[in-house]
Protein chains: 2
Amino acid sequence: MTTISVVLVDDHTVVRSGLKALLGTQGDIAVVGEAASGEEALEAAQRHAPDVVLMDLAMGTGMDGIEAIKRLRQSTPKQAIIVFTTYDSDADIVRAVDAGAMGYLLKDAAPEEIFAAVRGAVQGKSVMSAPVASRLFQQLRNPDEILTPREAELLSLLTQGLSNRDLGKRLFISEATVKTHLAHIYAKLGVETRAAAIATAIRREGMR
Amino acid sequence: MTTISVVLVDDHTVVRSGLKALLGTQGDIAVVGEAASGEEALEAAQRHAPDVVLMDLAMGTGMDGIEAIKRLRQSTPKQAIIVFTTYDSDADIVRAVDAGAMGYLLKDAAPEEIFAAVRGAVQGKSVMSAPVASRLFQQLRNPDEILTPREAELLSLLTQGLSNRDLGKRLFISEATVKTHLAHIYAKLGVETRAAAIATAIRREGMR
DNA sequence: AGCTGTATCAGCCAAAAGGTGGAGAGACCA
DNA sequence: TGGTCTCTCCACCTTTTGGCTGATACAGCT
């Protein structure tokens, strides 16, 4: 059994430290490098040539996690990338997988789940937290929940706090049409009010 | 010099582990207990009687951090509570300080900052991360825009998409009172509708 | 040619939200 | 003690939003 080398990418010192401590308890996993930003991540991945990169999506400044994943796939395509983040935003999941992530863990994952993900990743298995998997599953099963371009446009304006009247003016459509679109959006998002739709959109769909 | 005993409260195993590893490097600080929820926090604080409680505000389920702070102040008033959380939301800061928190750190704080906060807390000093301090400072300059603790609480629930009726039920107040609070919140945030208030709160205040 | 999905609009009604003005109770402080 | 702040509540009224049903038009696909 060979040792699995890992590079950690997270702008929070505490989280890196915690991962290091947890992974350190496992004989077959060794943390060989750390990075606090997307830029550093590229550098560290080059230098340490790890088997696995564990990466947060939200980096305070500079390059974000998604961008870092894309570049890592180009510069060091053999490394398995596992996303390790706080929120299970639909948009982030899709984007991360699209960018080439092998796994998607949430920060409240149990240590065993993290170990399993790291071990699985080097074997080409993709591991994700249960809530993440269920979201992906739901999206595949329910194409009904995908917003049409027009609906997405409207939702985007909605999250800026516009009234139905304003939405109509902005999009050059009648208030009646705005209401129709809204009803569809609510149904697709699984909410009943505009307030909940805004909250859902900004948080879950990564709109801001 | 006596050793400072600390209890950690965070629903993320990784974060607890990280704090433990970091604090463990300091000879005068010892982690004596951990908790993954508000309920566990009360229990751990009773049992271990620590000098300091380091606590996240966002706990997955059950009691939230603010509520836990309030109860801790009642059950074990001598312990200093330091909030250790991800976002610097105005509303959360106000509510946490109001509930009796001694310090307010962000998770991207440097280890030295954390050590200093723990040491300061036992001496009755309140320590907060620079971004947090600047927010408070800004609020002091514009007293008209400061949300009262109750308003902050309401706004926090508002960003979850609740209706006036639901807000009333949740806070044990009438719908009339909810409307009064909302009117004040709108005025302070400089918006006219609940939709705009939510958008402003989530984006500008970093709430989620 | 028919089906499906998208985008547009209407009218009606009920529910929710917002605006205005007023008011009492308790805390805190000068 | 008087002033200020906060939290609570009420009534009345207007505006906005949401639920429902139904309709037309166009594009793409089979």
Side-chain angles (χ1 to χ4, degrees), chain A residues 139 141-201, chain B residues 66-67 70 73-74 90-91 93-100 139-201:
Chain A
Q139 282 208 334
R141 259 199 351 190
N142 264 341
D144 292 355
E145 292 178 13
I146 300 174
L147 297 181
T148 68
R150 194 57 158 171
E151 285 162 2
E153 191 179 4
L154 205 142
L155 179 57
S156 168
L157 291 174
L158 188 67
T159 63
Q160 281 158 44
L162 277 68
S163 68
N164 289 349
R165 186 173 303 169
D166 291 338
L167 290 170
K169 282 182 188 163
R170 191 74 81 85
L171 298 174
F172 304 106
I173 56 180
S174 77
E175 230 177 296
T177 307
V178 170
K179 288 172 114 186
T180 306
H181 284 311
L182 282 180
H184 294 159
I185 291 173
Y186 296 164
K188 290 181 180 179
L189 292 185
V191 300
E192 267 121 43
T193 67
R194 102 175 12 219
I198 293 172
T200 302
Chain B
I66 301 284
E67 183 61 29
K70 285 185 192 159
R73 295 305 304 167
Q74 291 186 337
D90 285 348
I93 296 171
V94 170
R95 294 173 58 210
V97 171
D98 188 63
Q139 287 206 334
L140 287 181
R141 283 200 328 194
N142 291 5
D144 290 355
E145 293 177 12
I146 302 178
L147 297 182
T148 67
R150 194 56 158 171
E151 286 162 1
E153 193 178 3
L154 205 142
L155 178 57
S156 170
L157 290 174
L158 188 67
T159 64
Q160 281 158 43
L162 276 69
S163 67
N164 289 351
R165 185 173 304 168
D166 292 338
L167 291 170
K169 282 183 188 164
R170 191 74 83 84
L171 298 175
F172 304 107
I173 57 180
S174 77
E175 229 176 297
T177 307
V178 170
K179 285 177 153 193
T180 305
H181 283 310
L182 282 180
H184 294 159
I185 290 172
Y186 296 163
K188 289 181 180 179
L189 291 185
V191 299
E192 269 118 42
T193 66
R194 99 169 21 214
I198 293 172
T200 302

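Naming: A, B, ... by sequence-line order, numbering from 1 per chain.
Contact annotation for Glu192(A): backbone-only contact, meaning every heavy-atom pair under 4.0 Å involves sugar-phosphate atoms and none involves a base.
Lys188(A) contributes atom NZ, which lies 3.5 Å from atom CD of Glu151(A) (distance to the nearest 0.5 angstrom).
The side chain of Ser163(A) lies closest to dT17(D) when the candidates are dT17(D), dC9(D), dG18(D). With distances taken from any side-chain atom of His181(A) to the nucleotides dT6(D), dA10(C), dT8(C), the minimum falls on dT8(C). Among dA17(C), dT8(C), dA7(C), the nucleotide with an atom closest to any side-chain atom of Thr177(A) is dT8(C). For Asn164(A), whose side chain is taken as the heavy atoms from C-beta onward, the closest listed nucleotide among dT17(D), dG19(C), dC9(C) is dT17(D). Relative to the side chain of Arg194(B), the nucleotides dC9(C), dA17(C), dG18(D) differ in distance, and dA17(C) lies closest. Nearest nucleotide to the Arg150(B) side chain, out of dC7(D), dG19(C), dT8(C): dC7(D).
Dashed line: the shortest gap from a side-chain N or O of Ser174(A) to OP1 or OP2 of dC9(C) is under 4.0 Å.
One can place CD1 of Ile173(B) at 19 Å from P of dA25(C), the figure rounded to the nearest angstrom.
The base of dC7(D) lies outside donor-acceptor range of the side chain of Thr180(B), with no N or O pair under 3.5 Å.
Using modelled atom types and a 3.5 Å distance limit, the side chains of Thr177(A) and Thr180(A) yield no donor-acceptor pair.
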